[in-house]
Amino acid sequence: MFSNNRTGWLLLSPTILILILVGLVPFFYVLYVGFFKWNPLAVDPSMQFEGFGYNYRQLIFDEVFLSSIWRSIRFAVVTLFFELSLGFLLALSLLSSFPLKSFFRGVHTLPLVIAPIVVGSIFKLFTVQGLGPLPHFLKDFFGYTLNYGLNADQAFWMIVIMDIWHWTPFVTLTLLAGLSALPQDPYESAKIDGANNFQIFIYITIPMMVPVLIVVIFIRLMDSLKIVDEVWMLTGGGPGYATRFTGIHIWKEVFEKRFYGFGSAMSILYLYITIVICWLLYSVMVSRGKSEN
Amino acid sequence: MKKLFIAIVASIFSFSAMAGGHAEWWKKAGAPYAGTVLQGVAENTPPGQFAGEVLAKQFEELTGIKVQLENTSWDSMYDKAIKDMEANSGIYDFVYIEQDIVYDYLNRDFLVNITEGLANNPDLQAPGVSLDDFTTFIDYFKDGSGDVFGVPMEAFIKVYLYRKDLFEAADAKAAFRAQYGYGLSPATSFDQYRDNAEFFTHYCADNGMECWGTTVQGHTGHPASTYEFLESIGPSFGLYNWGVNMDTYQSCVENGGQLNGGRAKAALNFWTQLLPFAPPEALQSTWSEVGASFAAGRAAQGWVYGENAAWIATDAEKSAVVGNVGVMLPPTAPGVMTQAAAGNGYIGYFDGGAYGIPHSSKNIEATMLWLQFIAQNEVQADWAIAGGRITHKATYADPKVMAVDEQADGYFTLMRDTGFLYAGAPPFPFHGAGRAAIDPFIYKALAGEMTPEAALDGACEALDKVMGDLGYQG
């Protein structure tokens with residue numbers, strides 16, 4: 001037994017070592033730096049300890065940071081809602097047979113394999129005022145002016161649309177896998193009992209899909225809260241602060257302004273907020289699942 | 001056989017020419033480093049492309065030292081270079097140093113002292129290469145004692161470009177005079193600039209042309225817009241050094257600065273009011289897009305970076321306005337030109353950059369050779385033609401350059417004769433942090449979320465806070 005355990009640990013050790021090196025060490029370093037006032041561009045470029053709460057106290061009163069968190073949460077909730085709804089609908093559609101199903105599934109999955117920065121580029125080329133085809137099309141056929149360099153709402157929703165386009169296929173595929181693996185007995189029983197399709201979906205499909213939904217929601221929620229690349233490419237966080245999500249804000253504080261200590265504190269606080277949001281969501285979903293069972 | 005012979009002879013002459021007649025010396029000097037691969041990172045500009053695609057190959061053929069130059073976007077270039085130098089990882093043997101970041105790099109001791117390095121290694125000193133051959137632009141890359149930390153590879157002035165064909169069209173002239181009561185001509189004042197912009201926006205629309213009255217480098221999520229304001233529009237109104245009081249490091253008027261002063265507010269008002277007359281892509285345009293828009297014939301006039309001026313005027317493969325480009329100094333407010341001529345101000349941005357060697361480079365000596373190779377007088381003319389840049393005094397008189405100058409409506413001559421009216425960025429070690437503090441307010445002014453007055457009041461407060469936090473206010 002001991003021998004087996006030792007072999008197991010031995011086999012696991014490279015993974016554990018890598019996790020420590022690329023996960024824990026940087027995390028603790030960022031945590032450490034977050035307690036210092038540190039900017040290499042300052043007159044005194046050294047790390048100065050001003051008390052454990054120095055950067056965190058400043059953060060609590062930093063309106064731009066707080067509004068970026070609110071913006072990120074709003075973005076995550078909106079995209080999650082649309083991606084889940086659309087993804088579920090598409091997954092259900094893909095369960096049934098229709099002409100060119102394989103082709104559609106292949107095309108539908110394509111955005112998934114594209115790097116976020118490339119997705120940003122594609123959308124930029126497609127939507128940039130004056131040169132992209134979409135603004136021309138919207139103007140010519142609907143009289144609608146798309147200029148997200150000027151309009152903050154348009155900028156926000158353009159990012160939402162881009163994220164939905166990019167990540168709905170992931171939701172579809174994951175839910176499709178879950179749907180395909182559901183047992184058929186409950187469905188047959190429900191049909192014998194005279195339940196209609198809507199009732200079957202609400203009372204059988206959704207409850208049985210809860211574990212898969214939890215996984216999808218968590219992955220997408222965490223990804224949405226971390227969004228940077230696509231936004232960086234499309235709007236750069238503008239106009240003004242309209243699309244300055246927390247990831248972009250942290251980047252600007254750390255790499256443009258070089259406030260390393262302050263930026264590290266921001267990262268830690270944002271990580272904490274993300275964990276709390278996920279934990280709350282998890283608790284609600286699990287307790288609801290238990291009560292339904 | 002005859003063709004082969006001609007090719008060999010041409011190659012020998014070409015080698016000889018690019019090596020300044022010292023091919024043997026380069027071969028010998030490069031021999032100990034043959035097979036070394038030098039990694040560089042730079043902004044993707046026409047001069048950078050020439051360095052990476054032409055000069056690097058010539059250097060490799062001559063010395064056996066390979067140069068891999070990663071020409072990337074401005075943001076990415078800084079990101080990669082600074083991370084490498086901060087981490088001391090030694091990925092890059094040479095990095096692009098834009099004029100405005102050099103004070104930051106020197107302050108943080110990122111760069112190798114090239115003057116000292118060459119003095120300590122006489123064997124590495126290339127014959128026929130002298131740092132004295134450079135224009136005064138090299139002064140930006142010197143420390144207090146006059147030692148050089150970067151070898152200039154591009155230098156430009158930001159000029160006023162206009163479409164000669166539009167300004168000389170008879171119907172346009174007549175319509176302009178009828179509407180405004182004076183003759184149509186390239187702008188020498190801001191009122192005239194605005195009138196021109198308004199007129200051509202309507203003129204183009206009336207004539208079914210896809211063009212507008214002016215360029216505006218107004219990206220609402222990229223620092224390019226802040227730079228256009230601080231380095232071009234602001235100075236032409238008399239706003240110097242970002243409005244920062246250089247003694248107290250305060251920028252608000254109430255603290256002795258000028259960033260929210262009358263000149264700054266007039267400048268921002270003027271600039272934002274040009275937006276209705278700019279191409280629709282203006283609010284998503286950085287310097288690259290402005291160049292591309294002008295080259296595509298989408299603007300009648302505008303402030304355009306010099307790195308784009310030459311190719312816009314001469315490269316028919318990339319530009320739709322070849323032969324129709326006029327080049328002038330931009331309009332200035334009363335008194336600004338006098339102040340600039342006296343050395344008490346400037347009318348715009350003397351842009352450019354150099355290649356420097358990070359301390360973390362593992363191939364400092366081989367990189368010294370590369371930097372001297374690109375510093376030779378012999379390689380400058382072709383580089384100037386390809387990239388619209390001049391860093392050496394002698395290049396202006398080269399017949400090839402003079403021919404292009406003629407095609408480009410005297411851009412090079414303008415740079416030679418009026419370069420002294422321009423200035424690089426102010427010597428702020430906190431350059432990036434300060435600019436990033438101002439950015440959101442400029443974006444909001446451009447997007448109409450804030451009035452120019454409120455935006456500048458907010459910008460100066462934010463900038464003062466950054467300078468205070470960084471300890472510059474005493």
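Heavy-atom basis, side chains included; hydrogens, waters and symmetry copies ignored. Not measured: the values here are computed from a predicted model.
In plain terms, the two heavy atoms of A:Pro40 and B:Arg108 that are nearest each other are CG-NH2, 3.2 Å. Shown here for A:Gly240 and B:Tyr443, the closest heavy-atom pair between the two residues is N-CB, 3.4 Å. Here the closest heavy-atom approach between residue A:Lys257 and residue B:Ala433 is recorded as O-CB, 3.5 Å. Of all non-hydrogen atoms in A:Arg258 and B:Ile82, the two that sit nearest each other are NH1-CG2, 3.0 Å. The two residues B:Pro440 and A:Arg244 come nearest to each other via the heavy atoms CG-NH2, 3.7 Å. The minimum heavy-atom distance between B:Ala447 and A:Gly149, with the atom names listed, is CB-O, 4.2 Å.
Neither the backbone nor the side chain of A:Phe262 comes within contact range of chain B; no heavy atom of the residue lies under 4.5 Å from a heavy atom of that chain. Neither the backbone nor the side chain of B:Ala282 has a heavy atom closer than 4.5 Å to any heavy atom of chain A. For B:His431, no part lies under 4.5 angstrom from a heavy atom of chain A.
Heavy-atom neighbours of A:Phe49 CZ from other residues, nucleotides or ligands within 6.0 Å: above the threshold of 12. Other residues, nucleotides and ligands contribute at most 12 non-hydrogen atoms within 6.0 Å of the NZ atom of B:Lys465.
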side-chain contact (heavy atoms from CB on, under 4.5 Å) between A:Phe259 and B:Leu470, intermediate numbers included: CA-CA 9 Å; A:Phe259 284 112; B:Leu470 296 179; 3.8 Å; yes
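Most heavy-atom pairs under 4.5 Å with chain B, from the set A:Thr243, A:Val64, A:Val128: that is A:Val128.
Considering CD of B:Glu281 and CG of A:Asn147, their distance stands at 10.0 Å, rounded to 0.5 Å. Put simply, CD on A:Gln58 and CG on B:Asp469 are 6.5 Å apart, with the number rounded to the nearest 0.5 Å. Between the OH atom of A:Tyr241 and the CD atom of B:Glu449 there is a distance of 10.5 Å, given to the nearest 0.5 Å.
Using a 4.5 Å cut-off on side-chain heavy atoms (C-beta onward), B:Asp439 and A:Glu256 make contact. Proximity of A:Trp251 to B:Asp79: side-chain heavy atoms (C-beta onward) are separated by under 4.5 Å at one or more points. Contact annotation: the side chain of B:Asn107 never approaches that of A:Leu41 to less than 4.5 Å [non-hydrogen atoms, C-beta and beyond].
When atom types are taken as modelled, the side chain of B:Gln284 and the backbone of A:Gln129 share a donor-acceptor pair closer than 3.5 angstrom.
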